[in-house]
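Single-structure report; data block below.
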Amino acid sequence: MGSKIVYASQLLEELYPAEAKELKEVYPDFYRTATQTRVINWQERWEAGDVNPEIIEKIKELDEKFDKGEITEKEYNRELSSDELKKYSSRVEGISFIKEKLVAFRDYPPSLATLIHEIGHVHYGVGDEIWNASQGGTEALFWLGLKGKYRVSEENVKKYIEMVDKVRKDETYLDAVKEIVEKLYPLLKDQIAKAFYPIVIFAGVMPNGLNEKFGTKVMHYKLNNPIWASITPLREDVWLFLVDLIVGLKYDDPFCQTYSRELGFIGG
């Protein structure tokens, strides 16, 4: 990129003008951060985090061949399901320096998803364990708002980040549980005990940790049984509850929509 100073917002405007316009409208503070975040040159040493990157390259080549009609769908699926391509792989596409408000991209042009991801690290001041599109769901929630599926504001995203951050830590996850119960119990108070697990189970989910710890005997407890209040939720179950809410939003699950709205993750 030479010595010219380039900001992330310039890449957005140049490469993805329609999406840049949406960002300004939906997440104006996020876009403002993009105008303050410099893009710097990529350095090879940052590629040390790659894991089996050759697999990613082979999948890209396979995609290109299929798109061009050089291989059939049957051949494409056979290659894709081979043992070689099933190995875990990851490729560092970008990097961010939060305090310095700097980002760098391995390839040009960077994908819109990579641009958003790296700017998001700077804007929200959190790492991959919270700002991602799968494990924690924060980035997935962000995209639901950007694409207009739900009304998601900056404050909604920050509220989710705050909750996930609490749940990640053993010393604070029960504070998150208390808030979840206080906000969601009133929706179901005539049908369940005031406790975390009945709220989750009422939505049709049997938490993995609960099942493993107590076995099938918990299935005999009615959801309004006071015994639920004596069962301390497992941290991993609370974490998965939050992640599942965002996954459920993608598929228009009515419980996930109602719960997310009450917890402040989406607008009314």
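This one's a predicted model, so the numbers in the text were calculated from it and none came from an experiment. The figures that follow rest on heavy atoms only: side chains count, while hydrogens, waters and symmetry mates do not.
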Problem set entry | Lys/Arg-Asp/Glu bridge criterion (N-O < 4.0 Å) met for Glu13, Lys21 | no
Problem set entry | Distance flag, aromatic centroids of Trp228 and Tyr221, threshold under 6.0 Å | yes
Exercise. Which pair of heavy atoms, one from Gly267 and one from Arg261, lies closest together, and at what distance?
Worked result: O-NE, 3.4 Å
Seminar exercise, completed: Those residues at least two apart in sequence (or on a different chain) that pass side chain to side chain contact (heavy atoms under 4.5 Å, CB included) with Glu155 are Ser153, Lys158
For this session: Assign the ring pair Tyr124 / Phe30 to parallel, tilted or perpendicular, where the plane angle (0 to 90°) is split at 30° and 60°.
Result: tilted
Exercise. Are Tyr160 and Phe142 close enough that their ring centers fall under 6.0 Å?
Worked result: no
For this session: Determine, for Glu179 against Lys159, whether the closest basic-nitrogen to carboxylate-oxygen distance falls under 4.0 angstrom.
Result: yes
For this session: Decide side chain to side chain donor-acceptor pair (under 3.5 Å) for Gln257 and Tyr150; before the verdict, give the C-alpha distance in whole Å, the side-chain angles of both, and the deciding distance to 0.1 Å.
Result: CA-CA 9 Å; Gln257 291 170 338; Tyr150 295 97; 3.0 Å; yes
For this session: Check the pair Arg38 / Glu100 against salt bridge (charged side-chain N to carboxylate O under 4.0 Å, His left out), numbers first and verdict last.
Result: CA-CA 9 Å; Arg38 285 180 55 198; Glu100 296 84 359; over 6 Å; no
For this session: Let me see the working for Met163 and Ile180 under side-chain contact (heavy atoms from CB on, under 4.5 Å), right down to the final yes or no.
Result: CA-CA 9 Å; Met163 186 74 80; Ile180 290 169; 4.2 Å; yes
Problem set entry | In one Ile/Leu/Val/Met/Phe/Trp/Tyr side-chain cluster, 4.5 Å: Ile98, Tyr31 | no
For this session: Could you tell me whether Lys178 and Asp175 have a side-chain N and a carboxylate O separated by less than 4.0 Å?
Result: no
For this session: Kindly say whether Pro207 contributes a backbone atom to a donor-acceptor pair with the side chain of Asp237 at under 3.5 angstrom?
Result: no
Exercise. Pick from Leu144, Asp244, Val152: which one makes a side-chain contact (heavy atoms from CB on, under 4.5 Å) with Leu249?
Worked result: Leu144
Exercise. Is any NZ, NE, NH1 or NH2 atom of the basic residue among Lys65 and Glu75 found under 4.0 Å from an Asp or Glu carboxylate oxygen of the other?
Worked result: no
For this session: Evaluate the side chain to side chain donor-acceptor pair (under 3.5 Å) criterion for residues His123 and Thr33: first the C-alpha distance (whole Å), next the side-chain angles of each, then the deciding distance (0.1 Å), finally the verdict.
Result: CA-CA 6 Å; His123 180 63; Thr33 295; 2.6 Å; yes
Problem set entry | Derivation and outcome, side-chain contact (heavy atoms from CB on, under 4.5 Å), residues Leu234 and Tyr173 | CA-CA 9 Å; Leu234 301 176; Tyr173 90 92; 5.7 Å; no
Problem set entry | Heavy-atom pair of closest approach, residues Tyr16 and Leu112 | OH-N, 3.2 Å
Exercise. Does a sphere of radius 6.0 Å around NZ in Lys189 hold more than 12 heavy atoms from other residues, nucleotides or ligands, not counting ones at 6.0 Å or beyond?
Worked result: no
Exercise. Among Tyr197, Phe255, Phe196, Phe265, which residue meets the ring-ring contact (aromatic ring centres under 6.0 Å, His included) test with Phe241?
Worked result: Phe196
For this session: Check the pair His117 / Asp128 against side chain to side chain donor-acceptor pair (under 3.5 Å), numbers first and verdict last.
Result: CA-CA 9 Å; His117 183 76; Asp128 281 320; 2.9 Å; yes
Exercise. Does Lys149 NZ have over 12 foreign heavy atoms under 6.0 Å away?
Worked result: yes
